[in-house]
Amino acid sequence: MQAPAVGGVSAPRGNGKTIRLPQGASLTDFAEKIGANPASLVAIMMHLGKMVTATQSVDPDDLMALGLELDFDIQVVSPEDEDRELLESFDIEYGEDEGGEENLQSRPPVVTVMGHVDHGKTKLLDAVRSANVQAGEAGGITQHIGAYQVETEVDGEDRKITFIDTPGHEAFTAMRARGADTTDLVVLVVAADDGVKPQTTEAIDHATAAGVPIVVAVNKIDVEGADPNKVRAQLTEYGLVAEEFGGSTQFVDVSAKQRLNIDGLLEAIILTADAELDLKANPEMPAQGSAIEAHLDKGRGAVATVLVQRGTLKVGDSIVCGVAHGRVRAMLDENFEPVQEAGPSRPVQVLGLAAVPGAGDNFLVVEDDRVARQIADKRVARKRNAELLKSRKSSSLEELFKDLERGERQELLLILKGDVSGSVEALEDSLLKIDVGEEVNLRIIRRGVGAITQDDVNLSLASEGAVIIGFNVRPERNAQELADREGVDIRYYSIIYQAIEEIEAALKGMLKPEFEEAQLGTAEIREIFKVPRIGSVAGSMVTSGVIQRNAKARLVRDGVVVADNLTVSSLRRFKDDATEVREGFECGIGVGYNDIKLGDVIECFEMREKPRD
């Protein structure tokens, strides 16, 4: 039924009918659901004070306001709900073990190592897996996520433990939080000579929020000044009470550098997992799990490190991981040896995906390549809509008028490209936290994995000057040539903190300069001379500072400013022009203002740029 909506525009009335729309939906999507002309919805949005085109992604609040106007109950589906509905349409249940209790088997614990920077997390993992990882890392900071499985013997039985290697500095907070969410147990590394630090408490918060038990590795016990008992005492304040103090948390004194008591740490992990966790999964179902990391390899294509959480992943399986899909062409273990299948808690590198998935994306095995492609395509469309919504500025009429009043708002556009998806995500998270006030905006219009392409450069040109950030990547040859020819700014970084500092400096550089008044000097009017074609000239005595020609000036009479925004247009000492006259000297001053009186004071000042913090 058609009924007048607003402003004489016709659109169907909903009579309270519920309409479900995905995030990033456009007015065209809404119009298709209710059988309306998109142009009529554009007109209604204008009446509501919003400038939106028919194909533009619309903010959820604006969609709800439009629905209220037309008497529809708009429900904007969250990405998680939308994805669950998508999988249900293919009769796939993600995150559940198939079968009953009899199908479940014990699986190894998945462990994340956390702690403060420089407390020895990488060294500890190095000692655990006997491979030198740190030597190739920029600045000695773990930049990428990896996963490794090790074996140990406990009570005469061979046991396996999977370690997820999370980056070790505060800029990667979001990734570290995800690490805690995907693991069963956290190893908290605290240096015996340094004690509890800010990132130590941050790691405890992440582990506690994820509801996982903690084993404390007190590292650097061989260093001078080491005091393991002090660490135990400090951590009691955070609810981690050592067993020897009557608590339930296992503390293990280790030296990653000297490789002391590593077996004791592995045993403590197994004992804690056995005591507090019931780790079981069904290995006989199609595999499901999470992508730990992913990157683009020049020779092998997209390579994803995945952690199998349930089921068994086999070579030849059709797989969909986030927005990527493909067939498992090959699998490699942590030593880059080929494997044919991977069971629960097993991390492997997977080759054969058509695109690079994001860190933390779920993966699942489906019946054939066609289903995998359909799921991936729908996820790609949803992701594109979400990115469009995120990248567009709000454009209400009110904000447009405000922008016109204060001059166009400054905005820094960025395109992020990195070697691995986790680093790109962490860099984006850190950049979006930079705050330099409301005058300047930071907007990331694209992020991706792999070399900087010609398409990235074209996007920069189309967006009128987006800066391309390359994190451990370089441009392809044709992309570099196009960037050089068109003057596109490409910045390269290998350490995340340099990128953050430079972008913050750039944002501050875009701020309009702030000026403050600096007084130069004052002069008291003692005589008044009438000069043809110039007007009144003040015969004055400089009583403080200096009077400069062409400087700003104001006229003060009995403590009250009678004229402002004046300029010292002429300045003479006797018959000679002067550029400045100092305190204690007489001079003639012309300020282009004729209503001057004896005893008035001329204040001379200049506006100086105020340095920003």
Side-chain angles (χ1 to χ4, degrees), residues 1-83 85-86 378 380-413 432 435 437-446 459 462-466 510 512:
M1 167 185 167
Q2 293 284 344
V6 285
V9 180
S10 292
R13 287 290 181 181
N15 299 320
K17 182 181 175 185
T18 299
I19 302 291
R20 290 169 63 83
L21 292 170
Q23 285 195 341
S26 66
L27 294 182
T28 300
D29 298 328
F30 187 15
E32 286 175 4
K33 293 266 188 180
I34 64 174
N37 182 353
S40 66
L41 300 188
V42 172
I44 295 169
M45 288 297 286
M46 286 186 70
H47 183 84
L48 294 174
K50 293 288 179 179
M51 302 285 287
V52 183
T53 65
T55 56
Q56 181 177 330
S57 294
V58 183
D59 185 88
D61 291 339
D62 295 339
L63 282 175
M64 289 177 185
L66 178 59
L68 196 64
E69 190 68 41
L70 296 175
D71 199 16
F72 285 99
D73 178 20
I74 301 294
Q75 291 184 1
V76 179
V77 184
S78 70
E80 294 77 19
D81 288 344
E82 194 180 352
D83 199 56
E85 290 174 10
L86 171 63
K378 288 182 183 295
V380 166
R382 187 184 69 223
K383 183 182 178 186
R384 187 186 300 118
N385 286 339
E387 285 179 348
L388 283 170
L389 180 62
K390 185 178 176 184
S391 66
R392 284 199 170 99
K393 288 196 298 184
S394 176
S395 54
S396 72
L397 294 175
E398 266 184 9
E399 285 166 349
L400 284 173
F401 289 137
K402 283 179 184 173
D403 283 347
L404 287 171
E405 283 175 12
R406 63 177 176 241
E408 191 175 348
R409 194 169 172 175
Q410 292 275 9
E411 193 167 43
L412 177 62
L413 304 178
L432 291 175
D435 181 21
E438 295 183 359
E439 292 176 57
V440 176
N441 238 4
L442 173 70
R443 202 150 51 92
I444 295 168
I445 59 175
R446 172 181 287 176
L459 179 60
S463 61
E464 298 180 1
M510 292 172 69
K512 291 179 181 176

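Computed over heavy atoms, backbone and side chain alike; hydrogens, waters and symmetry mates excluded.
The side-chain heavy atoms of V58 and L21, taken from C-beta on, include no pair separated by under 4.5 Å.
Residues V76 and P60 approach most closely at CG2-CB, 3.9 Å, considering heavy atoms. Smallest separation of non-hydrogen atoms from N37 and S40: O-OG, 2.6 Å. For V42 against A54, the heavy-atom pair with the smallest separation is CG2-N, 3.8 Å. Across all their heavy atoms, L66 and L48 have their closest contact at CA-CD1, 4.2 Å.
Going from atom CD1 of I444 over to atom CG of L432 covers 4.0 Å, rounded to the nearest 0.5 Å. Note that NZ of K50 and CG of D59 are 7.0 Å apart. Values are rounded to the nearest 0.5 Å. Put simply, CG on L68 and CD1 on I74 are 10.0 Å apart, with the number rounded to the nearest 0.5 Å. The distance from atom CG of L70 to atom CD1 of I34, rounded to the nearest 0.5 Å, is 5.5 Å. Summarising the geometry, atom CG belonging to L63 is positioned 7.5 Å from atom CZ belonging to F30; distances are rounded to the nearest 0.5 Å. Annotation: the span from H47 atom NE2 to I44 atom CD1 amounts to 9.5 Å, rounded to 0.5 Å.
When the side chain to side chain donor-acceptor pair (under 3.5 Å) test is applied to T28, no partner is found at least two apart in sequence or on another chain. Checked against side chain to side chain donor-acceptor pair (under 3.5 Å), Q75 has the following partners two or more places apart in sequence or in another chain: R20.
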